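Everything on this sheet refers to the single structure shown next.
What you see is a predicted model; the values in this text were computed from it and never measured. We name chains A, B, ... by the order of the sequence lines, and we start the count at 1 in each one.
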Amino acid sequence: MSKILAVDDSASMRQMVAFTLKGGGFDVVEACDGVEALALAKQHKCDLVLADVNMPNMDGITLTRELRTLNDYKYTPILVLTTESGTDRKTEGKKAGATGWIVKPFNPDQLLNTIKKVME
Amino acid sequence: MINSKAELDVPQSPPVIPGFENINRYWDKKLKVHAAKLMPGELYVSMHGEMVVTVLGSCVAACIRDKVKGIGGMNHFMLPQETENSQNFAGTAHDVETRYGNWAMESLINEVLKRGGRRGYLEVKLFGGGKVMENMSDVGERNIDFVRRFLVEEGLKIVAEDLGGLRPRKILYFSDTGACRVRRLNQVVNNTVFSREKEYAKKVAGPATDGSIELF
């Protein structure tokens with residue numbers, strides 16, 4: 001079963017994302033900020049990372065940058081799931097090495113389809 | 001053209017936070033304060049103590065501010081009406097139906113935090129969720145259940161609330177001090193509240209008009 005690392009500082013959002021992903025047949029590892037996510041990413045070999053942007057301790061863009069320095073995560077799809085729709089942040093995300101940018105509110109089917117697409 | 005004295009007396013609005021340019025902002029002559037008026041589905045955050053105003057029927061508005069820094073704002077949302085296919089979101093975690101509520105709450109909190117607010121200093125007040133629309137399931141109650149559950153999950157405490165009931169409300173929220181005024185409205189004269197909410201209800205019930213997806 002493919003494993004997804006879901007990172008969000010909002011507990012409700014984490015639950016909602018995990019619920020959707022599990023429903024789509026994925027194994028889910030949850031983290032509440034970039035620091036925790038980075039530690040978990042080293043413990044588990046995740047097949048995809050789904051990260052929020054605005055988080056305490058380490059934001060999603062820094063997390064993406066950090067993950068790209070790890071051998072295990074050089075080519076792993078990293079999707080950003082955020083309320084941020086501004087192009088500046090999006091460009092930053094792209095530069096950091098993100099695979100795609102999803103603006104909330106997300107449609108569960110669309111999210112799953114996108115995940116499947118980038119994991120192919 | 002010569003401006004009238006009254007127009008010249010209107011002070012310039014404080015700078016708007018990017019993303020909120022579309023919100024209707026004005027100078028409230030009576031209270032002598034800068035104000036922003038929210039329609040269903042909108043949210044607004046101010047760093048300059050602007051007053052945020054909205055009128056609620058069965059929709060809910062959360063007012064959230066950092067009580068130390070005085071950065072705060074309000075959202076205004078509702079969940080779609082319950083249908084036969086609805087899952088009970090209270091029982092089965094989260095389905096599609098809570099996404100607008102989740103978005104409204106998360107966006108408001110994020111915006112306050114992004115402007116320098118701290119999670120530990122957040123103060124939450126809740127309004128609305130009336131049973132004011134005829135021939136509609138009690139969507140107000142659903143909105144109230146949702147927002148309470150959301151705040152419990154996030155570990156945020158509600159310091160004041162005025163929820164439920166049969167009459168629409170007008171809310172004035174002062175984003176720096178957290179003070180608020182609630183005026184109960186007469187149902188009959190306020191048809192615009194219902195038509196706006198019905199319009200918004202259609203939007204949240206319809207197929208997802210969701211955020212975009214871009215693959216790099």
Side-chain angles (χ1 to χ4, degrees), chain A residues 8-23 32-33 52-57 59-60 64 77-115 117-120, chain B residues 17-21 41 43 45 75 77 79-80 87 89-120 122 146-156 203-204 206-216:
Chain A
D8 205 307
D9 59 328
S10 153
S12 327
M13 198 48 71
R14 261 197 328 270
Q15 266 198 38
M16 190 156 99
V17 166
F19 181 73
T20 304
L21 298 180
K22 282 172 189 163
C32 69
D33 61 28
D52 187 18
V53 172
N54 301 306
M55 294 183 289
N57 304 322
D59 67 64
T64 303
I78 302 176
L79 293 174
V80 176
L81 179 62
T82 176
T83 50
E84 295 279 343
S85 55
T87 41
D88 290 0
R89 290 299 259 170
K90 205 188 278 185
T91 310
E92 261 186 83
K94 191 176 173 178
K95 268 194 200 150
T99 314
W101 195 270
I102 305 173
V103 179
K104 295 174 194 172
F106 72 90
N107 170 324
D109 293 333
Q110 251 180 337
L111 178 69
L112 289 175
N113 287 339
T114 308
I115 287 173
K117 200 157 128 194
V118 297
M119 281 176 86
E120 269 170 14
Chain B
I17 290 175
F20 296 133
E21 294 89 348
L43 67 101
V45 170
N75 62 19
F77 69 94
L79 304 187
Q87 295 169 27
F89 63 82
T92 56
H94 301 276
D95 61 2
V96 173
E97 298 184 1
T98 60
R99 64 170 182 257
Y100 288 103
N102 271 304
W103 175 83
M105 291 302 293
E106 198 198 0
S107 300
L108 175 58
I109 293 169
N110 274 349
E111 211 51 59
V112 173
L113 298 183
K114 248 166 63 186
R115 301 300 148 188
R118 280 178 56 179
R119 217 182 164 78
L122 294 184
F146 162 78
V147 74
R148 283 197 199 282
R149 172 168 282 268
F150 180 96
L151 292 168
V152 168
E153 275 168 14
E154 297 295 331
L156 295 172
K203 197 191 146 204
V204 295
T209 49
D210 288 332
S212 60
I213 294 183
E214 189 180 330
L215 295 179
F216 301 135

Measure [X] against the heavy atoms of chain B and call it side chain, backbone, both or neither at under 4.5 Å.
X	value
A:Leu79	side chain
A:Val53	neither
A:Ser10	both
A:Ala18	neither
A:Asp9	both
A:Lys117	side chain

*4.5 Å side-chain heavy-atom contact, B:Glu106 and A:Ser12*: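 Not touching, per the 4.5 Å side-chain cut-off.
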
*Is B:Leu43 close to B:Trp103 at the side-chain level, that is, under 4.5 Å between some pair of heavy atoms?*
yes

*Excluding sequence neighbours, so at least two apart, what forms salt bridge (charged side-chain N to carboxylate O under 4.0 Å, His left out) with A:Asp8?*
A:Lys104

*asked:* For B:Val152, give me all partners under side chain to side chain contact (heavy atoms under 4.5 Å, CB included), at least two apart in sequence or on another chain.
replied: none

*Do side-chain atoms of A:Trp101 reach the backbone of A:Glu84 as a donor and acceptor pair under 3.5 angstrom?*
yes

